[in-house]
Protein chains: 2
Amino acid sequence: MARPSSSDLLKIDNLLCFALYSAGHSFTRLYKPLLEPLGLTYPQFLVMIALWENDGQTVSDIGEKLLLESSTLTPLLKRLETAGLIKRTRDRDDERVVRITLTRQGAALKDKAATIPEAIGCATNLTINDVKKLTHEIAALRKTLQSALTAA
Amino acid sequence: MARPSSSDLLKIDNLLCFALYSAGHSFTRLYKPLLEPLGLTYPQFLVMIALWENDGQTVSDIGEKLLLESSTLTPLLKRLETAGLIKRTRDRDDERVVRITLTRQGAALKDKAATIPEAIGCATNLTINDVKKLTHEIAALRKTLQSALTAA
DNA sequence: AACGATTAGATCGTGCGCGATATATCTCGG
DNA sequence: CCGAGATATATCGCGCACGATCTAATCGTT
């Protein structure tokens, strides 16, 4: 097996990072028409999923889960609050902390969202096991990259 | 093997789309300090790679390659032009078309960039073959998703 | 030649996503 | 109890990323 030349490594189609980048955007485009009826953008959908999984998280809890900064989350959460899906309340015991809780509407939205992952799954044209395997591999890669980042 | 329940499917860590989304961002963060000396952002880097591979492409050529719209590319290309890395010129034969060509500086930047993919490759902690395999799988997935999109 | 339809880019408004910085609150040593 | 640091969130500016819309150029048909 030949060692890859630097010219190979600089081809767009050989770059793992570009594959991830473009596949991620493709997913966002695919989700868009499904999320529109719920009034959610794709990142907002991810935040809602995190909350359905575990209500009452703090801003930084969500940030750790989704790998997002407060500068991204604060405006996004304000939009979700304006939409009536969540409430942002300062923690009594520590006024620095903002705790995010689902409103009744926000919690109810979960049922409408329940059908979405299956529809997306179909579009991937992969078996459930292939999806599982790929998800796991990419998540492991993300962990490796993140630890390389925090080490630096 | 049990059929996955809808509650499983709505867990963030089981979502292929989230794995891609977050791993993509992790890559961007990893590239950032390496691209800073070149004066490039990550999407700008991708455009430069496309041009190093094939100089003189049109805006829509680049858009097709990278799956980006003119509304994204036009401002980005203007920034690259301001930075002196490319030139934007209307095609003589068809004045609607804008052709993107590398300046001497833009072409020269390729040498500096050549070391980056290897540094990134190391950080993935994967073998060259694993990277290749994963890249291929994700690219195939992207193609499936995109064809689902254009079909709709 | 002429005009409707198509095409290539550009522009605009909205929503991420982040680094740098600001503000408010808490913690801890003395 | 007080001030120095630490912590949680917010704010700001910049650069994507996209859909909707605009403009200018080209193409096709008559």
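Everything numeric in this text was worked out from a predicted model, so none of it was measured. Below, read A as the first sequence line, B as the second, and so on, with proteins coming before strands; counting in each chain starts at 1.
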Asker: Under 3.5 Å, is there an N or O donor on one side and an acceptor on the other linking the side chain of A/Arg96 and the base of D/dT7?
Answerer: yes

Asker: Measuring from atom CG of A/Leu145 to atom CD1 of A/Ile138, what distance do you get when rounded to the nearest 0.5 angstrom?
Answerer: 11.5 Å

Asker: Taking B/Arg99 first and then B/Asp61, would you say they form a salt bridge - that is, a charged N and a carboxylate O separated by under 4.0 Å?
Answerer: no

Asker: Could you state the atom-to-atom distance from NE2 of B/His25 to P of C/dC18 in whole Å?
Answerer: 6 Å

Asker: With a 3.5 Å distance limit and no angle check, can you tell me whether B/Trp52 reaches the backbone of A/Lys11 through a side-chain donor-acceptor pair?
Answerer: no

Asker: Checking B/Thr74 side chain against B/Ser71 main chain: does a donor-acceptor pair fall under 3.5 Å?
Answerer: no

Asker: Mind running a 4.0 Å heavy-atom check of residues 59-72 of chain B against DNA chain D and sending the residues that fall below it, in number order?
Answerer: B/Leu67, B/Leu68, B/Glu69, B/Ser71, B/Thr72

Asker: Rounded to the Å, how far apart are A/Tyr31 OH and C/dC16 C1'?
Answerer: 18 Å

Asker: Of the listed nucleotides (C/dG9, C/dC16, D/dA17), which one gets closest to any side-chain atom of A/Pro43?
Answerer: C/dC16

Asker: With a 4.0 Å limit, can you tell me whether A/Thr41 has a side-chain N or O closer than that to the phosphate oxygens OP1/OP2 of C/dC16?
Answerer: yes

Asker: Mind checking whether A/Ile12 and B/Leu35 sit in one hydrophobic cluster, side chains of I, L, V, M, F, W, Y counted as touching below 4.5 Å?
Answerer: yes

Asker: Is the closest basic N to carboxylate O distance between A/Glu137 and A/Lys133 below 4.0 Å?
Answerer: yes

Asker: When you measure from the side-chain N and O atoms of B/Tyr42 to the phosphate of D/dG15, is any distance below 4.0 Å, counting only OP1 and OP2?
Answerer: no

Asker: Could you work out which one of C/dC18, C/dC26, D/dA17 sits closest to the side chain of A/Asp94?
Answerer: C/dC26

Asker: Are the side chain of A/Thr58 and the backbone of A/Val97 linked by a donor-acceptor contact shorter than 3.5 Å?
Answerer: no

Asker: May I have all residue pairs that pass side chain to side chain donor-acceptor pair (under 3.5 Å) and include part of residues 77-87 of chain B, sequence neighbours excluded?
Answerer: B/Glu81-B/Arg88

Asker: Identify whether any heavy atom of A/Thr58 sits under 4.0 Å from a base atom; if not, whether one sits that close to sugar-phosphate; answer base, sugar-phosphate or nothing.
Answerer: sugar-phosphate

Asker: For DNA chain D, which residues in residues 76-93 of chain B have a heavy atom at a distance below 4.0 Å?
Answerer: B/Leu76, B/Arg79, B/Asp93

